[in-house]
Amino acid sequence: MIPVQTYIDRRKQLLSHVQQGVVVIATSPEKYRNRDTSYSYRYDSYFYYLTGFQEPEAVLLLVATGDENTSQQILFCREKDSEHEIWNGFRYGPDAAREAFGFDAAYPIARLDELAGELLANQSVVFYAVGQDPSWDQRVIGWINCVREQIRKGISALAEIRDIRHLLDEMRLIKDDHELAVMREAARISADAHKRAMRATRPGKHEYEIEAELLYEFRRQGAESPAYTSIVAGGANACVLHYVQNDAQLKAGDLLLIDAACELHGYAADITRTFPINGKFSTAQKDVYQLVLAAQKAAIDAVRPGNNWDTPHQAALRVLIQGFIDLHLCEGSPDAVMETESYKRFYMHRTGHWLGLDVHDAGEYKQASQWRTLVPGMTLTVEPGCYIRPAEDVPEHFWNIGIRIEDDVAVTPIGHEVLTWSVPKSVAEIEEWMQCVTTTEK
C-alpha cells in the first residue's frame with residue numbers, strides 16, 4: 001500500500017539531514033521460541049520505514065556526501081538460494097532486491113564486514129542505533145578499528161559516532177498520506193474485530209473465547225498479526241492495566257474491557273472498549289462509564305494544531321477529577337485533588353501515546369523541556385480510564401469497575417480525524433449493538 005518511491009524518498013531525506021557520513025540500520029534478528037522453532041518474524045521498524053524490505057538478515061547502509069548524485073543507498077541481504085526456498089519460502093536476493101526496492105547497489109549479507117570497512121574509510125562520522133544491541137556496537141567498532149589500521153596508507157579514520165534514532169524519530173512522527181491510508185485500514189479492521197467480540201460476548205464464556213474472535217477477524221481481513229498482546233479483561237481483571245492472562249470466565253453483571261488491535265503492513269491500530277457482559281449497564285457502571293466517555297470527548301476535542309501534547313491529557317483530567325469528586329471517590333476541591341494527585345488512585349496513566357509502526361511509536365513528547373506542539377500528520381491514541389479496586393472508603397457499588405475507552409486520532413490541518421470511529425461507544429450504541437446477546441440469553 002506504500003509505493004517504493006516513498007521509501008526511496010525517505011532515504012534521500014535522511015541523507016540530506018545527515019549531509020556527511022555513513023548510516024547503518026540493521027533489521028531485527030530472528031528469535032527462537034524453543035529448540036528448533038522461531039517466533040513469527042517481525043522486522044525492525046526503523047529499517048522497514050526506510051526500505052519496505054521484510055526479510056531477516058538485512059542491513060541498510062547510506063553513504064552521505066552532501067550531494068544527492070554521489071550519495072549511495074546500499075542494501076545487504078541474503079543471497080538467492082533455491083534450496084533454502086524449498087524449505088522456507090521466497091527470497092529476493094541482492095539483484096532482485098536492488099531493482100524492487102530502488103537501491104543503488106545490493107550485496108550478499110556475507111560481504112557486509114568486508115565492504116563496510118571500505119565504505120567507512122575517509123568518513124568523519126557513522127550513524128547507527130547506539131546501545132540498542134551490544135553485538136552491533138562491537139561490530140561497528142570493529143569496522144572503525146579496521147579503518148584505523150590503514151592510517152599509514154593515508155586513509156583517515158572516523159572521528160565521531162552518533163545515534164541516528166533522533167533524526168528518524170522526527171521523520172516517523174509525521175505520517176504521510178500513504179501511512180495514514182494504511183492506518184485507516186488497520187483501524188477499520190480492528191474496529192470490525194471489536195464489534196465481532198461484542199456480539200460474541202455473553203455470561204459463561206471465557207475471556208480467551210472472545211480473544212479468539214478478535215484474532216479471527218484480524219486474519220480474516222488480511223492483517224498480519226495483533227499489534228500487541230490482546231487484553232480481554234472481565235470484572236476485576238479490568239483493574240489490572242496490562243492484564244493478558246485472558247483465561248477467566250465471564251460473569252453476568254460484570255464489565256468486559258477489551259484492549260486489542262491489529263498490525264497491517266507494519267502499522268498498528270490501538271482500540272479499547274468496555275461494555276457489560278450481559279448487554280446492559282448497571283447504574284453504577286453507567287455513571288463511571290459516562291464520566292470516562294466525557295473525559296475522552298474533552299481530550300479528543302483538544303487534539304488540533306497549535307495545542308501541545310499535554311493539552312488533551314489535561315482536558316481529560318479536569319473532567320475525571322470533577323467526576324471523582326461527584327461520585328465521592330475523591331474529596332476536596334478540583335485544585336486540591338489535582339495538587340495532591342489523589343486522583344491517581346483511580347487514574348494512574350496518561351491519556352495517550354504516539355501511534356504508527358510501533359504501538360508506542362517513535363517521537364519525543366517534549367522539545368527543549370516544553371510539551372511539543374501538535375501539527376498535521378501526528379497520530380496518537382486518546383485513552384482515559386478509571387479503575388476502582390475494593391476499599392473501605394470506596395462505595396461498594398463501584399468495586400471492581402475498570403473502564404478504559406481508547407481511539408486512534410490523527411491531527412489534521414483543521415482539527416482531527418478519529419480513525420476508529422466505527423466502534424460503538426455511547427451507552428445507547430453499545431446496548432443496542434449487543435441486543436442480540438441479551439435476546440439470546442432470554
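Here the structure is a predicted model, which means the values were calculated and not measured.
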| message | Contact between I405 and T272 at the side-chain level, heavy atoms closer than 4.5 Å - yes or no? | response | no

| request: May I ask you to decide if the ring planes of Y92 and F101 are parallel, tilted or perpendicular, using 30° and 60° as cut-offs? | output: perpendicular

| task | Name all residues meeting the side chain to side chain donor-acceptor pair (under 3.5 Å) criterion together with R220; count only those two or more places apart in sequence or in a different chain, and write none if there are none. | result | E217

| query | Going by heavy atoms in the side chains, are V411 and V375 under 4.5 Å from each other? | reply | no

| Within a radius of less than 6.0 Å around CD of E114, do more than 12 heavy atoms belonging to other residues, nucleotides or ligands occur? | yes

Validation: residues 186-195 side-chain donor-acceptor distances under 3.5 Å, sequence neighbours left out:
{"unit_1": "R188", "atom_1": "NE", "unit_2": "E185", "atom_2": "OE1", "d": "3.2"}
{"unit_1": "R188", "atom_1": "NE", "unit_2": "E185", "atom_2": "OE2", "d": "3.4"}
{"unit_1": "R188", "atom_1": "NH1", "unit_2": "D192", "atom_2": "OD2", "d": "3.0"}
{"unit_1": "R188", "atom_1": "NH1", "unit_2": "Q221", "atom_2": "OE1", "d": "2.9"}
{"unit_1": "R188", "atom_1": "NH2", "unit_2": "E185", "atom_2": "OE2", "d": "2.8"}
{"unit_1": "R188", "atom_1": "NH2", "unit_2": "Q221", "atom_2": "OE1", "d": "2.7"}
{"unit_1": "S190", "atom_1": "OG", "unit_2": "A186", "atom_2": "O", "d": "2.8"}
{"unit_1": "S190", "atom_1": "OG", "unit_2": "C262", "atom_2": "N", "d": "2.9"}
{"unit_1": "D192", "atom_1": "OD2", "unit_2": "Q221", "atom_2": "NE2", "d": "3.0"}
{"unit_1": "H194", "atom_1": "NE2", "unit_2": "A260", "atom_2": "O", "d": "2.8"}
{"unit_1": "H194", "atom_1": "NE2", "unit_2": "I271", "atom_2": "O", "d": "3.4"}

| Does W143 reach the side chain of L112, with side-chain heavy atoms less than 4.5 Å apart? | yes

| side-chain contact (heavy atoms from CB on, under 4.5 Å) partners for K297, two or more places apart | D301

| task | Look at D133 together with R139 and state whether they make a salt bridge at an N to O cut-off of under 4.0 Å. | result | no

| task | Please examine the side chains of L61 and V23, heavy atoms only from C-beta on, and report whether any two atoms are closer than 4.5 Å. | result | no

| field | Heavy-atom pair of closest approach, residues A121 and I155 | value | CB-CG2, 3.6 Å

| task | May I ask you to check whether D169 and Y46 show a side-chain donor-acceptor distance below 3.5 Å? | result | yes

| From T351 OG1 over to E406 CD, what is the distance, rounded to the nearest 0.5 angstrom? | 11.0 Å

| remark: Nearest heavy-atom contact between L75 and A97 is CD2-CB, 3.7 Å

| query | For the residue pair G385 and Y347, what are the closest heavy atoms and their distance? | reply | O-CD1, 3.2 Å

| query | For residues Q322 and D326, is any side-chain donor paired with an opposing acceptor at under 3.5 Å? | reply | yes

| Test side chain to side chain contact (heavy atoms under 4.5 Å, CB included) applied to R404 and Y387, step by step | CA-CA 8 Å; R404 183 164 64 252; Y387 315 92; 2.9 Å; yes

| query | Do L380 and H353 come within less than 4.5 Å of each other through their side chains, counting heavy atoms only? | reply | no

| task | Assign the ring pair Y41 / Y43 to parallel, tilted or perpendicular, where the plane angle (0 to 90°) is split at 30° and 60°. | result | perpendicular

| Can you check whether Q72 reaches T65 side chain to side chain, under 4.5 Å on heavy atoms? | no

| query | Heavy atoms, side chains only, cut-off 4.5 Å: are I144 and L120 in contact? | reply | yes

| said: Within a 6.0 Å radius of atom CD on E68, are there more than 12 heavy atoms belonging to other residues, nucleotides or ligands? | reply: no

| Atom NZ of K31 with >12 non-hydrogen neighbours under 6.0 angstrom | no

| query | CG/N246 to CD/E207 distance, rounded to the nearest 0.5 angstrom? | reply | 5.5 Å

| query | Would you say Y32 has more than 12 foreign heavy atoms packed within less than 6.0 Å of its OH? | reply | no

| Closest heavy-atom pair and its distance - I231, L241 | CD1-O, 3.4 Å

| Option passing salt bridge (Lys or Arg N to Asp or Glu O under 4.0 Å) with E179 (candidates R172, R184, R10) | R10

| task | Compare all side-chain heavy atoms of Q132 with those of D44 and state whether any distance is below 4.5 angstrom. | result | yes

| said: Around atom NE2 of H166, are there more than 12 heavy atoms from other residues, nucleotides or ligands closer than 6.0 Å? | reply: no

| task | Dump the intermediate steps for side chain to side chain contact (heavy atoms under 4.5 Å, CB included) on W309 and R350, then the final yes or no. | result | CA-CA 11 Å; W309 165 259; R350 292 190 62 83; 4.1 Å; yes

| request: Please indicate whether I86 has more than 12 foreign heavy atoms, meaning atoms of other residues, nucleotides or ligands, lying under 6.0 Å from its CD1. | output: yes

| field | Carboxylate-amine/guanidinium contact E55 R91, below 4.0 Å | value | no

| query | Between Y267 and H265, is the gap from one ring center to the other below 6.0 Å? | reply | no

| said: Please report the interatomic distance CG(D176) to CD1(I2), rounded to the nearest 0.5 Å. | reply: 6.5 Å

| Ion pair D95/K80, N-O distance below 4.0 Å | no

| Counting only heavy atoms not in N34, do more than 12 sit closer than 6.0 Å to its CG atom? | yes

| Does any donor atom in the side chain of K425 or Q296 lie under 3.5 Å from an acceptor atom in the other side chain? | yes

| remark: Minimal heavy-atom distance between P305 and P413, with the atoms involved, is CG-O, 3.7 Å

| remark: Interatomic distance, CG@L168 vs OG@S45, rounded to 0.5 Å, equals 11.0 Å

| query | Are F324 and F346 an aromatic pair by the rule of ring centers under 6.0 Å? | reply | yes

| field | Heavy-atom pair of closest approach, residues A238 and L257 | value | CB-CB, 3.8 Å

| At what distance, to the nearest 0.5 angstrom, does CD1 of I401 lie from CZ of R389? | 14.0 Å

| task | Please determine, by modelled atom types, if Q5 and D9 share a side-chain donor-acceptor pair under 3.5 angstrom. | result | yes

| Aromatic contact, H360 with Y228 (centres under 6.0 Å) | no

| T51 (side chain) donor-acceptor with F47 (main chain) under 3.5 angstrom | yes

| Taking the six-membered ring of F103, is the NZ or CZ of R11 close enough (under 6.0 Å from the centre) and on axis enough (within 45°)? | yes

| query | Is it true that E364 and R372 make a salt bridge, defined as a side-chain N closer than 4.0 Å to a carboxylate O? | reply | no

| said: Using ring pair (Phe, Tyr, Trp, His ring centres under 6.0 Å), reason through W354 and Y365 one step at a time and then give a plain yes or no. | reply: CA-CA 9 Å; W354 302 129; Y365 293 92; 5.2 Å; yes

| Would you call K175-D361 a salt bridge at under 4.0 Å N-O? | yes

| message | Using a strict threshold of under 4.0 Å (side-chain N to carboxylate O), is an ion pair present between R273 and D259? | response | no

| field | Pair D407-T420, side-chain donor/acceptor within less than 3.5 Å | value | yes

| Can you list the steps and then say if K12 with Q73 is a side chain to side chain contact (heavy atoms under 4.5 Å, CB included)? | CA-CA 9 Å; K12 288 180 178 178; Q73 303 180 15; 3.5 Å; yes

| Going through the distances and angles, do Y208 and D247 end up as a side chain to side chain donor-acceptor pair (under 3.5 Å)? | CA-CA 6 Å; Y208 54 73; D247 58 2; over 6 Å; no

| From T379 OG1 over to I174 CD1, what is the distance, rounded to the nearest 0.5 angstrom? | 8.5 Å

